[in-house]
Amino acid sequence: MKLAVIGFGAATIGLLRALHNSAHEIHIFEQAVDIYSSSVSGIRADGKLFVSSGMGGELELSLEQQQEVVEYYLSKANVERSRIEYGNSFGNKGSFKKFYERGFEPVLSEYWHIGTDELKNVLSNIYAEFLEFSNVHFHFSSQIRDISEKEDKIFLNGSQEGFDRLIIAAGRTGHKLVNNLIPRHPHLVLENTKVDLGIRFELPNHIVEHLNKEMYEFKIRLRTETGYTVRTFCNNPAGFVVLEKYDDFVTVNGHSKLQDKSDNTNFALLVSHTFTEPFNNPVGYGSYIAKLANILAGGEKAILQTYGDFKRTKRSKHLGRVKPTLSSDNYILGDLNLAIPGKTRQALTEFIETLDEIVPGVAYSDNLMYGMEIKFYSNKLSNEHPLIKFIGDCSGWTRSITYATGHGMQLGKELLEEK
Ligand SMILES: Cc1cc2nc3c(=O)[nH]c(=O)nc-3n(C[C@H](O)[C@H](O)[C@H](O)COP(=O)(O)OP(=O)(O)OC[C@H]3O[C@@H](n4cnc5c(N)ncnc54)[C@H](O)[C@@H]3O)c2cc1C
C-alpha cells in the first residue's frame, strides 16, 4: 500500500519502527524544514520519558510496552546511559504517605530525562536509521492544508498523487488541519469537553531539591474546594521557562537541559476543566484566555507576577529574590488575576498553600508565576474511517512521547497485516 503520513513526531517514529522494513511505500510530509526545526514538542525540547499507568494517555499500553519505547529512545543517545537523569515518582512509601495524608493523589511513575541538548543527537540517530530504508520517503517543508477523498484514494493539497491510506500524526500543532476535516466526518469525534488552564510556577532549586533528587518529577493531584482538580505537570529541575508559540497567541512552557543548568526549578500547575452541553469548544475557550493574557501583556509575551502579588491581586512592579529564567524580552510584569477565571484562581491558590505545608517555601511571596499555560486536549477521535487514521496527540488519545510512540507502533502493527 502507498501510505501518506502527516507529521514527523513521536507517533510517526513509533509507526516507522513497525513499518520501516515492510512492503508499504511510506511518504512522510512534515511542515518543518528539517527534523530539528518543527514547533517545540517533547521530542525537540526536554525529552522526559516516563513509564506510568497514571498519566500520558488513555490507550491500553502496558508498562512493559512503555518501557520498550523508553529503551528505544535511550539507545539512540550518544551519551552513556549512566548520564541520563532518572527519577522514581513516589516509589518511596514514606513520601507517598506524606502527600496522601494531606489530601494529594501521588502519581506513580519512572522518569528518564534526556535533555534538550542531547535530544538532538537522539533525533538525528533515529532519522539516520529510517533513511536507510528505501520504502521510507521524507518530504520536509510540506505543510498539508487540504485533504480530499475520491473513491478509495486520498489526495493532499490538491495533488494528483493518490494514497491508499492517510495517517494523521500532526500532534497538537496540527489542530487546524484536524479541525478542518471534522465537519466532513463529525461522527469520528468521540469526546470534546476538556481543557487545562494554569500557570508555570518557578522557585529556587533548594526549596524542592530533595524532591527533584528523589523523584526528578513529583506528580500530584489535589481536588480543591472549588471542585476543580489541580495537578503538577512537567517539573524541570534547574530548568528554564520558555514561550510556546501558536499561530495567533503564545503560552508558556518549561524545559531543562542535560548540561546547562539554572538556579530554579519550574513546573506547571494546571486546573482541569471539563464542560458539559451545550459547550463544545474547549480549544476556543482556552485560546480566548491565552489571547486575553497576550492582550494584557501588550503582545506575544507572558505575564510574570510574584506569588505574593498574585495573592494580593496587585500587579507586580518589582521582582524579589527569584530571578526569572525566561528572557526579559519575553515577559512583562503584570497581574494574572485579570486573565484567570475566579474559580481557577482560587483552585491554584489552594493548591500552592496546601503544598507549602509539606514543602515549606513553595508559597514564598517571591516565587514566580508565568501565564498562561494551557493544555489543549485534542478531540478524542475514532479510527473507524477506512482510509484515514489518527495517531499521537492529534487523536486525543495520547499526551506524551511514550504514549504517542506506542500509539504509532500499534497502528503500524495493524497496517502490517494489510497488504
Ligand atoms: C514544550 C513541550 C515539551 C514537552 N515535553 C515533553 C516531555 O518532556 N515528555 C513527554 O512525554 N511529552 C512532552 N511533551 C508532549 C509530547 O511532545 C507529545 O505528547 C508528543 O510529542 C506527541 O507526539 P505526536 O507525534 O503526536 O506530535 P509531535 O511530536 O508534536 O509531532 C507532530 C509533527 O507534525 C507536524 N505537523 C503539524 N501539522 C502539520 C501539517 N499540517 N503538515 C505537516 N506537518 C505538520 C509538526 O511540525 C510536528 O513535527 C511536550 C510538549 C511540549 C509542547
Side-chain angles (χ1 to χ4, degrees), residues 4-16 27-52 55-57 59 66 69-70 73 85 109 111-116 119 123 127 138-147 156-157 166-181 200 216-217 233-236 239-247 250-257 266-268 373-378 390-409 411:
V5 183
I6 304 180
F8 181 58
T12 299
I13 291 174
L15 182 84
L16 290 180
H27 292 265
I28 298 133
F29 298 91
E30 166 57 53
Q31 64 188 6
V33 292
D34 56 33
I35 50 166
Y36 314 109
S37 314
S38 158
S39 54
V40 181
S41 85
I43 60 158
R44 285 159 182 112
D46 204 26
K48 209 176 293 139
L49 302 166
F50 53 77
V51 171
S52 172
M55 61 176 177
L59 287 180
Q66 293 183 40
V69 169
V70 169
Y73 283 106
E85 291 163 299
S109 177
Y111 292 93
W112 289 262
H113 175 243
I114 296 178
T116 308
L119 211 48
L123 209 52
Y127 180 55
F138 286 94
H139 307 273
F140 288 100
S141 302
S142 302
Q143 186 180 45
I144 304 302
R145 290 181 210 89
D146 177 58
I147 297 166
L156 303 176
N157 288 354
L166 170 65
I167 296 139
I168 305 185
R172 280 185 239 160
T173 47
H175 66 90
K176 265 199 180 152
L177 180 78
V178 175
N179 287 348
N180 288 342
L181 197 64
R200 184 65 44 173
Y216 192 81
E217 169 147 358
F233 176 78
C234 184
N235 185 57
N236 293 297
F240 301 86
V241 177
V242 287
L243 288 186
E244 188 174 332
K245 289 186 193 281
Y246 287 79
D247 287 346
V250 296
T251 58
V252 289
N253 213 310
H255 71 128
S256 57
K257 304 176 192 174
N266 69 71
F267 51 85
E373 177 140 352
I374 299 185
K375 295 294 168 236
F376 296 103
Y377 289 77
S378 306
F390 303 89
I391 51 172
D393 284 16
C394 72
S395 74
W397 290 89
T398 73
R399 290 187 298 282
S400 66
I401 299 171
T402 313
Y403 272 79
T405 310
H407 201 194
M409 286 171 68
L411 181 71

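Counting convention: from 1, in listed order, for ligands and their atoms alike.
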For this session: Provide the number and element of each atom of ligand 1 under 4.0 Å from a heavy atom of Glu244.
Result: 53 (C)
For this session: Decide if the gap between the ring center of Phe140 and the ring center of Phe29 is smaller than 6.0 angstrom.
Result: no
Exercise. Quick check: does any side chain N or O of Gln66 sit under 3.5 Å from a backbone N or O of Ser52, one acting as donor and the other as acceptor?
Worked result: yes
Seminar exercise, completed: For residues 391-406, the salt bridge (Lys or Arg N to Asp or Glu O under 4.0 Å) pairs (sequence neighbours left out) are Glu58-Arg399, Arg172-Asp393
Problem set entry | Enumerated ligand 1 atoms positioned under 4.0 Å from heavy atoms of Ser400 | 11 (O), 12 (N), 19 (O)
Problem set entry | Donor-acceptor contact below 3.5 Å, side chain Glu30 vs main chain Phe8 | yes
Problem set entry | Within-shell test, Arg172 vs ligand 1, heavy atom, strictly < 4.0 Å | yes
Exercise. Does an N or O anywhere in Thr398 fall below 3.5 Å from an N or O of ligand 1?
Worked result: no
Problem set entry | Sub-4.0 Å atoms of ligand 1 with respect to non-hydrogen atoms of Ala169 | 32 (C), 33 (C), 34 (O)
Exercise. Do Glu244 and Asn253 meet the criterion of a side-chain donor-acceptor pair at a distance under 3.5 Å?
Worked result: yes
For this session: Please work out whether any backbone atom (N, CA, C, O) or any side-chain heavy atom from C-beta onward of Arg44 is under 4.0 Å from ligand 1, and answer side chain, backbone, both or neither.
Result: side chain
Problem set entry | Atoms of ligand 1, numbered as shown, that sit under 4.0 Å from any heavy atom of Gly47 | 8 (O)
Problem set entry | Per-atom contacts, ligand 1 versus Ala404 - under 4.0 Å to a heavy atom | 22 (C), 23 (O)
For this session: Report the part of Arg399 in contact with ligand 1, treating N, CA, C, O as backbone and CB onward as side chain, heavy atoms under 4.0 Å; options are side chain, backbone, both, neither.
Result: backbone
Exercise. Under 3.5 Å between some N or O of ligand 1 and some N or O of Leu49?
Worked result: no
For this session: Tell me which part of Ile401 gets within contact of ligand 1: side chain, backbone, both or neither, using heavy atoms under 4.0 Å.
Result: both
For this session: Identify, by atom number and element, the atoms of ligand 1 in contact range of Thr173, meaning under 4.0 Å from any of its heavy atoms.
Result: 37 (C), 46 (C)
Problem set entry | Subset of ligand 1 atoms that lie under 4.0 Å from at least one heavy atom of Phe50 | 11 (O)
Problem set entry | Phe233 and Phe267 aromatic centres sub-6.0 Å | no
Exercise. Hey, is Cys234 touching ligand 1 through its side chain, its backbone, both or neither, going by heavy atoms under 4.0 Å?
Worked result: neither
Exercise. Is Asn253 close to ligand 1, meaning an N/O of one under 3.5 Å from an N/O of the other?
Worked result: no
Exercise. With backbone taken as N, CA, C and O and side chain as the heavy atoms from C-beta onward, which portion of Ala32 lies under 4.0 Å from ligand 1: side chain, backbone, both, or neither?
Worked result: neither
Problem set entry | Of the listed options Gly7, Ala10, Gly115, Ser256, closest to atom 29 (O) of ligand 1 (non-hydrogen atoms) | Ala10
Exercise. Taking only residues two or more places apart in sequence or in another chain, which ones pass side chain to side chain donor-acceptor pair (under 3.5 Å) with Thr402?
Worked result: none
Problem set entry | Side-chain donor or acceptor of Asn236 paired with backbone N/O of Cys234 under 3.5 Å | yes
Exercise. Hey, which atoms in ligand 1 end up nearer than 4.0 Å to a heavy atom of Phe29?
Worked result: 43 (C), 44 (N)
For this session: Looking only at distances, please establish whether an N/O atom of ligand 1 is found under 3.5 Å from an N/O atom of Lys48.
Result: yes
For this session: Looking only at non-hydrogen atoms, find the nearest pair between Thr116 and Asp46 and report the distance.
Result: OG1-N, 2.9 Å
Problem set entry | Any donor-acceptor pair under 3.5 Å from Thr398 side chain to Ser400 backbone | no
Seminar exercise, completed: Scanning both residues in full, the closest heavy-atom pair of Leu181 with Ile168 reads CD2-CD1, 3.7 Å
Exercise. Below 3.5 angstrom, do we get any N/O pair linking Asp393 and ligand 1?
Worked result: yes
Exercise. What are the two closest non-hydrogen atoms of His407 and Phe390, and how far apart are they?
Worked result: CE1-O, 3.6 Å
